[in-house]
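One structure is given here, and the rest of the page talks about it.
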Amino acid sequence: MSSVAEPKHEAAALEFRRLTALYQFTDRLYRSSGEEDIYRAALDAICAGLQCSRASILLFDGANPMQFVASRGLSTVYRETVAGFTPWARGEIDPQPITVADIENARELEALKPAIRSEGIAALAFVPLVINRGVIGKFMIYHDRPHVFTDEEIDLALTIARQLGFAIERQRARTSRKKVEADLRESEERFRAIVDTTPECVKLVARDGTLLHMNASGLGMIGADCFEMVEGQSVYDVIASEDRERFRTFNEQVCDGARGSLEFDIVSLTGVRRHMETHAAPFRNSDGQVVQLAVTRDISARRRAEEGRRRRDAEFRALADNMHQLAWMTEADGWIYWYNKRWFDYTGTTLEEMQGWGWRKVHHPDHVERVTEKFKRCIEAGEDWEDTFPLLGADGAYRWFLSRALPIRDETGAVVRWFGTNTDITERLSAFETRQRLISIVEDSDDAIISKDLNGIINSWNQGAERLFGYTPDEIIGRSVLTLIPPEYQHEEPTIIGRISRGERIDHYETVRRRKDGSNFFVSLTVSPMKDADGNIVGASKIARDISERRRADEQRTLLINELNHRVKNTLATVQSLAMQTLRHTERSEDARALFESRLAALSRAHDLLTRQSWAGADLRDVAERALAPFKVDATRIRIDGPGVRLSPQRALALSIAIHELATNAAKYGALSNDEGVVRLSWKLEGNAMLLDWIESGGPPVSPPKRSGFGTRLIERGLSRELGGEARIDYDASGVRAIISAELDALART
């Protein structure tokens, strides 16, 4: 029995000391005769109950800042330095205690740290003193070493604070002599309220289990409306049956003088089951009997939370170890202390190898320094981290991973750890690269590539389509494909959709489409059905190629063929005319042959010039130079001068033959028949007219011919008619002169 009577663990002894300090404090407050007694009792209760050697009490002093009214273990210098500092404003409603486990981490105390360090204080707590929910002051708890304040300590501190606040208020009331008795009764009532309003159950239980006293909180826990409902009844009636004997033994041990704690379940009068934690000590009541004095709290929520935490821990491990990603956690400075099973399965490593910065061993040497530096920068900045890199697997091969890490922060916003995942993206990266290549091909294509659904609504639009049709993606996506089809061709679309719906492909269908600016153009369409993952046809992809140039080329080719036919006929007629004129006016067949060949050569040179320019016409200078080329034995004897004049093919041929005839005549009879003669061919523009002048000089004397030859008739009749102007030849004794005039529009008109 004696071994059972001893405290089972240090926590029970600590709780007993706290209960004793609380009740002694209450008793001393009740017997106090002034504020000094209250402060001493409070300091004793604080130091004894909260296990500290130093404490202080500060109150707002009228209009002045908060001042020390009592302290223990503090120097005068320290009190003078920190006096007036308070985390709450005067009268602040419902303030909460503030604890500082280590002053080195308390930024809000930066200005006071030198004084606090000098005093040898490592941890402290601010506990508000409240009257009518408003702050009147505080008491301070000091520790020489860093100290984490527990919930139990905070609860006890708040209980002491409530009692101290009430005591201060009561004492202040005593200053009025007229209200001494009223103040005393009020103080007693408030003292009782302390017990009645505390959230814990405070009770007295006799050795036989009879309930002698229970506060309001306790009555609420067992489902009683008032103490009269349970007064004198056995407390064992509300103890759960499986815990009843343990509680009976515990109660008898306490009544025998033992102190201790016990967890058990109760079933309230209303049938509600609760899990309770009690801290009890022997207490001698007014009739001298030793009974159990206990403070009991409902820890059902805490127990559920602990069970939930254990369950969540198990669920987290199950999830973390079976998730697809590699997962890990680090300390605030990036030191990794945990990996999930997937990490070890993939890398073939152990925690001992990987913890801290050991993960560098499985990173590719080409990436590890970059990854490490970026990770460190994000840790220093407290920012989310993301990177992509290869990791070495247990099979010796590298695979690509997308890694992300998020900072986990406490209630102050400070980073306390990091949680990270690595997702294998090797296949996704390969698919992405393939998709990007396809996208690049589509986007860079000169053809318009679009997609539409079976209702004809456009879903995608590449750059080629934008260039071809003039619409941007934002302007056209979501609109009907009929926007691109002229009204007279829109009847084609239902047929195309019907064929696509049957799974048919349409190749190189030539039709007409409309641009944004309203202009129409020819296209060649290739339309293919599009299928979803289940193989259902959901739309169509279209490739549209602008064939306007090809169509124009076809039309041009047809036009050229027709023009060629026309030119050939005209050329044959010209050749026939040359032959007839040559043979008619030439007596010897040898002369006729030579003259005919020279005229054909002149015609050929003109044709060659026009062919080089696709029979689109020729420049007058080019026509003149080609016609005179056979006669330029000495380049200084034939001079050509004039501005650019464009001739139609028909006019170019006519002028070419005319210049050839003039040059032939000059070579036989005129300026080119000797070694000194000169021919000057020039033209000029006057308004909308051109004046061409052929002047010979330095040749034999000239006299008018007895009859008009072919050249004369060609120039004066045929050429003037062909040019729509005038042409004449003057036979001056000093040399032949031919003058030709024509309108510029007529020269360029076919």
Side-chain angles (χ1 to χ4, degrees), residues 102 104-105 148 306 308-441 533:
D102 187 344
E104 298 304 326
N105 297 327
V148 177
E306 291 174 350
R309 185 165 53 250
R310 287 191 293 270
R311 184 173 61 254
R312 288 192 298 272
D313 288 345
E315 291 172 349
F316 170 76
R317 289 190 175 276
L319 173 64
D321 287 339
N322 291 282
M323 66 191 297
H324 181 69
Q325 289 92 347
L326 318 184
W328 40 274
M329 284 191 287
T330 84
E331 302 287 0
D333 61 359
W335 180 273
I336 298 184
Y337 63 88
W338 175 87
Y339 294 92
N340 70 340
K341 185 174 180 293
R342 283 281 295 129
W343 174 278
F344 298 123
D345 289 345
Y346 174 75
T347 61
T349 60
T350 64
L351 179 60
E352 289 72 20
E353 295 176 292
M354 293 288 99
Q355 67 179 347
W357 298 88
W359 51 267
R360 291 167 53 93
K361 301 174 186 175
V362 296
H363 273 252
H364 195 286
D366 293 345
H367 297 266
V368 63
E369 295 304 328
R370 172 186 62 80
V371 172
T372 302
E373 289 304 314
K374 183 177 179 181
F375 186 42
K376 287 181 177 179
R377 288 196 302 271
C378 289
I379 289 173
E380 292 173 359
E383 298 174 348
D384 296 358
W385 174 71
E386 181 176 311
D387 208 340
T388 304
F389 44 76
L391 288 178
L392 181 64
D395 59 359
Y398 283 95
R399 294 183 67 82
W400 281 87
F401 286 83
L402 170 63
S403 187
R404 293 190 176 99
L406 301 175
I408 309 301
R409 304 178 186 274
D410 62 15
E411 62 276 4
T412 68
V415 176
V416 294
R417 65 180 57 86
W418 294 77
F419 180 78
T421 59
N422 295 64
T423 304
D424 190 338
I425 59 169
T426 305
E427 284 76 17
R428 191 189 312 171
L429 191 61
S430 177
F432 176 77
E433 291 174 348
T434 300
R435 182 171 177 270
Q436 287 301 108
R437 285 195 294 269
L438 291 175
I439 291 174
S440 178
I441 291 172

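These numbers come from the heavy atoms of this one structure, side chains and all, not from hydrogens, waters or symmetry mates.
- Taking the six-membered ring for Trp and thresholds of 30 and 60 degrees, Trp338 and Phe419 have nearly parallel ring planes, at less than 30 degrees apart.
- In this structure, CD in Gln355 is found 13.0 Å from OG1 in Thr330, a value given to the nearest 0.5 Å.
- Side-chain contact between Trp335 and Ile379: absent, with no pair of heavy atoms (C-beta onward) separated by less than 4.5 Å.
- With His363 as the fixed residue, the ring-ring contact (aromatic ring centres under 6.0 Å, His included) test singles out one of Tyr398, Phe389, Trp400: Phe389.
- Note that the CG atom of Asp333 and the NZ atom of Lys376 stand 10.5 Å from one another [nearest 0.5 Å].
- In this structure, Asp424 and Phe401 have side chains that are in contact, with non-hydrogen atoms separated by less than 4.5 Å.
- The shortest non-hydrogen separation linking Thr421 to Trp328 is N-NE1, 4.0 Å.
- Side-chain contact between Thr349 and Lys361: absent, with no pair of heavy atoms (C-beta onward) separated by less than 4.5 Å.
- Looking at heavy atoms from C-beta onward, Ile336 lies out of side-chain contact with Trp418 at the 4.5 angstrom threshold.
- Residue Leu391 holds its CG atom at 9.5 Å from OG1 of Thr426, rounded to the nearest 0.5 Å.
- Counted by atom type alone, Asn422 and Trp343 present zero donor-acceptor pairs between their side chains at under 3.5 Å.
- When side chains are defined from C-beta on, Tyr339 does not count as touching Tyr346, because their heavy atoms never get closer than 4.5 Å.
- Rounded to the nearest 0.5 angstrom, Tyr337 OH and Arg417 CZ are separated by 4.5 Å.
- Residues Gln325 and Asn340 form no side-chain contact, since every pair of their non-hydrogen atoms from C-beta on lies 4.5 Å or further apart.
- Between Asp384 and Pro407 there is a side-chain heavy-atom pair separated by less than 4.5 Å.
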Step-by-step side-chain contact (heavy atoms from CB on, under 4.5 Å) determination, Arg428 to Thr423
CA-CA 10 Å; Arg428 191 189 312 171; Thr423 304; 3.9 Å; yes
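- In this structure, a donor-acceptor pair under 3.5 Å is present between the side chains of Arg370 and His367.
- Between Glu383 and Lys374 there is no salt bridge, since no side-chain N of the basic residue sits under 4.0 Å from a carboxylate O of the acidic one.
- Contact check for Asp387 versus Phe375: no side-chain heavy atoms found under the 4.5 Å cut-off.
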Please test Met323 against Lys341 for side-chain contact (heavy atoms from CB on, under 4.5 Å), starting from the C-alpha separation and ending with a verdict.
CA-CA 9 Å; Met323 66 191 297; Lys341 185 174 180 293; over 6 Å; no
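- Within the 3.5 Å criterion, the main-chain N or O of His324 finds a donor-acceptor partner in the side chain of Arg342.
- At distances below 3.5 Å, at least one donor-acceptor pair connects side-chain atoms of Arg409 with backbone N or O atoms of Gly382.
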